[in-house]
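To start, the structure under review is shown below, and the notes come after it.
Order of appearance sets the numbers: ligands from 1, and atoms from 1 within every ligand. Along the sequence shown, the residues carry numbers beginning at 1. From a predicted model like this one, the values you see are computed outputs, not experimental measurements.
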Amino acid sequence: MARTVVVGAAQMGPIQRHQGREAVVERLLVLMRKAKDEGCELVVFPELALTTFFPRWYMPAQDEVDAFFEERMPSPATQPLFVEARKLGIGFHLGYAELERVGDSVRRFNTAILVDRTGRIVGKYRKIHLPGHDSYEPWRPFQHLEKRYFEPGDLGFPTLSAHGGTVGMLICNDRRWPEAFRVLGLQGVELVLIGYNTPALYPAAPSNSRLVDYHNHLSLKAGAYQNGTWVVAVAKAGKEEGCDLIGGSCIVSPTGEIVAEARTLDDELITAECDLDRCQDIKGHIFNFARHRRPENYALISAPTPQAQLASNHKGVAK
Ligand code: CDT
């Protein structure tokens, strides 16, 4: 029996700072219903999908930062997503800022969850590769303070059985790291769900700004092909509080080909029929890990970064 999953990538246009959760959830519901109408059994929303991309601002008061976080999931504001998913019988993936209280301590993560067709949370991933910097840098046209506002994820790169296959999640900057994709690949992942917020400008190396869209697709296509997996990558796009975010949401086949791609910088749904059995064309041959990997030569990959490189990184500005 074919293992085909119809997946929707629900790109979002910008969310301005004054827009509340309720208005954003309304937009997500519109996209979810559209996905259902187009035959999807899973709809994927972006990273930090409930608010504007707040790491672009330095906020000295923790209360101000915490207003962007969710202490409960679902909460009264997000509950309608869970109710509608159950009513429609559609799964969804959602990125949000997670605040967890453990005794007296508070932990904050950049998180994504997978919710099944009955409205139950079945998977959680906390972003591991946090880009940017941890203190105010006045030279920047906008800040990228993920290292200040989040701690690195503590759940590893889990996979789970869902939608007839093996599903994994990455968040934004993770997609640029072959190690992150490979750890999922080694667990037999067949469908990787990724949300992102990527500024169109790269102020630390401005000459690379013209390549931001290219590097997005390069990373996604390489991750898909080298691990024989479908990839669903979903942007929050457009001009958000004066800062341009790229679009380019896409669905990539296990051969590394983009089979659906967003054309706007607004709320836009794209869909694809993902035949999970096509993963075997890659996993069983060119990237047959059991036959062809040589892990005895890969020790450096999982060792701490060599001292020489750490020293040279410190000479430049932390990116
Ligand atoms: N959200 C996120 O991870 N964005 C980064 C921007 C990199 S520039 C600091 C990304 O990799 O797309």
For this session: Measure the OH-CH2 distance between Tyr149 and Trp57 for me, rounded to the nearest 0.5 Å.
Result: 10.0 Å
Atoms of ligand 1, numbered as shown, that sit under 4.0 Å from any heavy atom of [X]:
| X | answer |
| --- | --- |
| Pro131 | 2 (C), 3 (O), 5 (C) |
| Lys127 | 1 (N), 2 (C), 3 (O) |
| Glu47 | 1 (N) |
| Asn173 | 3 (O), 10 (C), 11 (O) |
| Phe53 | 1 (N) |
| Cys172 | 1 (N), 2 (C), 3 (O), 4 (N), 5 (C), 10 (C), 12 (O) |

Exercise. Hey, does the side chain of Glu70 reach the backbone of Glu98 with a donor-acceptor pair shorter than 3.5 angstrom?
Worked result: no
For this session: Using heavy-atom distances, let me know which of Ile171, Thr198, Asn197 sits nearest atom 12 (O) of ligand 1.
Result: Thr198
For this session: Please name all residues satisfying side chain to side chain contact (heavy atoms under 4.5 Å, CB included) with Asp154, sequence neighbours left out, ordered by chain then number.
Result: Arg107, Phe109, Arg126
Problem set entry | Any residue meeting side chain to side chain contact (heavy atoms under 4.5 Å, CB included) with Phe289, in chain and number order, not counting sequence neighbours | Arg182, Leu186, Asn227, Phe287, Arg293
Exercise. Can you name the nearest heavy-atom pair linking Tyr196 to Ser249, along with the distance?
Worked result: OH-N, 3.3 Å
For this session: Identify the two heavy atoms, one from Leu193 and one from His93, that lie closest to each other, and give their separation to 0.1 Å.
Result: CB-CD2, 3.7 Å
Problem set entry | Atom CZ of Arg3: over 12 foreign heavy atoms under 6.0 Å | yes
For this session: Answer with yes or no whether Glu146 contacts ligand 1, where contact means a heavy atom under 4.0 Å from a ligand atom.
Result: yes
Exercise. Ligand 1 versus Arg176, non-hydrogen atoms closer than 4.0 Å: side chain, backbone, both, neither?
Worked result: side chain
Exercise. Mind checking whether Tyr202 has an N or O less than 3.5 Å away from an N or O of ligand 1?
Worked result: no
